[in-house]
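Remarks on the structure that follows.
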Protein chains: 2
Amino acid sequence: MVETGVRTRTRQAILDAAVVVLSRDSSASLSEVAREAGVGRTTLHRYFPERSDLVQAIGTFTLERIAVATDRAKLDVGPAREAVVRLCREYFELLGDVLSLVFTDPQFSSGLDWHEESESDLALLALVRRGHQDGSIDRGLTPEWVQQALWALLYAAWAFVRECGVSRHEALGQCLRSLERMLHPGDQATG
Amino acid sequence: MVETGVRTRTRQAILDAAVVVLSRDSSASLSEVAREAGVGRTTLHRYFPERSDLVQAIGTFTLERIAVATDRAKLDVGPAREAVVRLCREYFELLGDVLSLVFTDPQFSSGLDWHEESESDLALLALVRRGHQDGSIDRGLTPEWVQQALWALLYAAWAFVRECGVSRHEALGQCLRSLERMLHPGDQATG
DNA sequence: CCAAAACGGAACATTCGTGTTCCACTACTG
DNA sequence: CAGTAGTGGAACACGAATGTTCCGTTTTGG
């Protein structure tokens with residue numbers, strides 16, 4: 001049961017297929033996942049004995065991606081608001097379909113470091129606080145809310161692509177512009 | 001089989017319970033829905049013979065709520081941006097748990113006027129275009145994107161309440177502030 | 001008060017997803 | 001070429017959800 005190249009490749013194919021299928025319908029059957037992966041159901045069970053194993057693997061997989069994105073965004077460089085926007089861009093590009101899963105379905109975000117303990121989440125919260133201090137982020141928005149809104153806009157951008165047939169680039173543009181303006185501390189009347 | 005008061009009341013109780021239960025887990029069993037409604041599973045099947053009937057009823061129910069909210073917001077009064085914010089507030093207050101359903105699960109928004117044909121949706125799109133003309137909404141944001149983002153922020157606000165234990169009022173405040181700033185045509189550098 | 005309406009529980013058949021086992025086939029590798 | 005890892009299909013048992021029927025009980029309303 002060594003980690004040969006074939007095994008890791010098959011495993012990844014199943015994982016990718018699972019993300020695609022389950023992001024469309026989180027209660028899809030394992031047969032559908034296997035078919036999407038171009039793999040027999042038997043093989044799928046060889047890699048992930050139970051459904052919960054597959055779900056948890058997706059969760060871990062996602063956490064890794066998030067960590068990478070957070071790292072790439074270099075959150076401690078430059079004004080905080082710009083860093084948040086960079087982070088959003090990285091998320092968009094690295095997460096794809098996974099987004100729908102973690103955002104809409106609680107089953108993928110349970111049983112792990114989620115949601116309070118994740119290092120990346122804490123980094124984002126700290127970043128927003130820095131933005132409050134350096135004046136680049138509206139002090140009327142709490143860090144926790146910014147986090148929520150960031151994910152929501154990301155999901156919206158992805159849905160924009162899937163449902164409205166907009167290009168990824170166009171959707172990301174609208175998303176980042178919205179985020180930028182949302183965070184910007186303006187002199188508009190306070191709601 | 002006349003429309004006695006008892007029947008409508010029972011039907012509504014089931015519908016409400018279904019929204020609560022299914023918004024937590026869209027693949028919950030009908031037994032759970034019946035229990036939440038304080039009703040026997042037999043009775044539930046009397047009103048909604050198949051699961052799909054219940055799902056569709058929720059869809060229709062939601063459309064009605066949306067129509068009411070759109071009406072109350074008086075979209076043709078005042079600056080367009082303020083009208084959008086009013087609409088968002090009405091949505092938040094009238095939709096509650098239903099939000100999670102229509103937003104995350106496609107099964108509730110299929111088989112109806114959804115999504116392209118709904119009168120309320122068209123009204124929102126037209127409203128944004130009016131905002132482009134009267135200069136109250138950033139011309140860099142397309143009407144379709146504003147629609148997506150509006151729903152996303154609404155969902156974020158609701159999740160904020162459910163997951164972070166924030167008060168409805170506080171969550172709505174953050175949501176509306178974000179929306180307002182997002183739409184505002186500022187003089188910030190263009191992304 | 002009495003009949004009709006509405007309800008709840010038990011039981012049943014059916015379907016579907018799941019998890020498992022067994023066996024034959026293919027591909028790589030020494 | 002032989003052996004082994006990997007695969008896929010068929011078949012099976014099991015449980016859960018669904019949809020239906022039947023019947024006794026409660027509630028409603030004229």
Side-chain angles (χ1 to χ4, degrees), chain A residues 1-61 100-101 104-108 110-111, chain B residues 1-61 100-101 104-108 110-111:
Chain A
M1 193 64 83
V2 240
E3 272 301 311
T4 150
V6 190
R7 283 192 66 83
T8 37
R9 228 177 309 130
T10 307
R11 186 188 146 95
Q12 194 57 44
I14 295 177
L15 225 41
D16 290 341
V19 168
V20 171
V21 171
L22 295 180
S23 68
R24 277 200 298 263
D25 174 13
S26 62
S27 64
S29 74
L30 295 183
S31 307
E32 296 182 55
V33 174
R35 185 163 1 107
E36 171 77 26
V39 143
R41 195 166 66 91
T42 311
T43 301
L44 193 154
H45 276 96
R46 232 172 246 129
Y47 286 82
F48 306 97
E50 301 192 1
R51 175 183 255 267
S52 62
D53 295 321
L54 180 58
V55 168
Q56 186 178 343
I58 292 179
T60 307
F61 173 68
S100 324
L101 287 183
T104 63
D105 220 301
Q107 62 175 308
F108 297 97
S110 59
Chain B
M1 195 62 85
V2 239
E3 272 300 312
T4 148
V6 190
R7 284 192 66 85
T8 38
R9 228 176 308 131
T10 306
R11 185 188 147 94
Q12 194 57 43
I14 295 177
L15 226 42
D16 291 341
V19 169
V20 171
V21 171
L22 295 181
S23 68
R24 277 199 298 263
D25 173 14
S26 63
S27 65
S29 74
L30 295 183
S31 306
E32 294 182 59
V33 174
R35 185 163 0 106
E36 171 76 25
V39 143
R41 195 167 67 92
T42 312
T43 301
L44 192 154
H45 277 96
R46 232 171 245 129
Y47 286 81
F48 306 96
E50 302 191 1
R51 175 182 255 267
S52 60
D53 295 321
L54 180 58
V55 168
Q56 187 177 344
I58 291 179
T60 307
F61 173 69
S100 323
L101 287 183
T104 62
D105 222 301
Q107 63 176 307
F108 297 96
S110 59

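First the proteins, then the strands, lettered A, B, ... as listed; each starts at 1.
Distance A:R9 CZ to D:dA5 C1': 13 Å, rounded to the nearest Å. If you measure from atom CZ of B:R11 to atom C1' of C:dA6, you get 16 Å, rounded to the nearest angstrom. Atom CZ of B:R7 and atom P of C:dA4 are 17 Å apart (whole Å).
Under the side-chain contact (heavy atoms from CB on, under 4.5 Å) criterion, B:T104 pairs with A:T104, B:Y155, sequence neighbours left out. Among residues two or more places apart in sequence or in another chain, the side-chain hydrogen bond (donor to acceptor under 3.5 Å, both in side chains) test is passed with B:E50 by none.
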Kindly list each side-chain donor-acceptor pair under 3.5 angstrom involving residues 30-39 of chain A, sequence neighbours excluded, with atom names and distances?
none

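Atoms CD1 and CD1, on A:I58 and A:I14 in that order, are 11.0 Å from each other to the nearest 0.5 Å. Here A:D105 contributes atom CG and B:S27 contributes atom OG; the two are 8.0 Å apart, rounded to the nearest 0.5 Å.
Under the side-chain hydrogen bond (donor to acceptor under 3.5 Å, both in side chains) criterion, no residue pair touches residues 38-48 of chain B, with sequence neighbours excluded.
Residues A:V20 and A:D16 fail the side-chain proximity criterion, which asks for heavy atoms closer than 4.5 Å. Contact of the A:Q12 side chain with the A:L15 side chain is registered, since non-hydrogen atoms from C-beta on lie closer than 4.5 Å.
Using a 4.0 Å cut-off on heavy atoms, the residues of residues 32-40 of chain A that approach DNA chain D are A:G38, A:V39, A:G40, listed by number.
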Check: protein-nucleotides 18-26 of chain C nitrogen or oxygen pairs below 3.5 Å:
unit_1, atom_1, unit_2, atom_2, d
C:dT18, OP1, A:R51, NE, 2.8
C:dT18, OP1, A:R51, NH2, 3.2
C:dT18, OP2, A:L30, N, 2.8
C:dG19, OP2, A:R51, N, 3.3
C:dG19, N7, A:R41, NH1, 3.1
C:dG19, O6, A:R41, NH2, 3.0

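For D:dG6, the OP1/OP2 oxygens have no side-chain nitrogen or oxygen of A:T10 closer than 4.0 Å. Distances shorter than 4.0 Å separate some side-chain N or O of B:Y47 from OP1 or OP2 on C:dC7.
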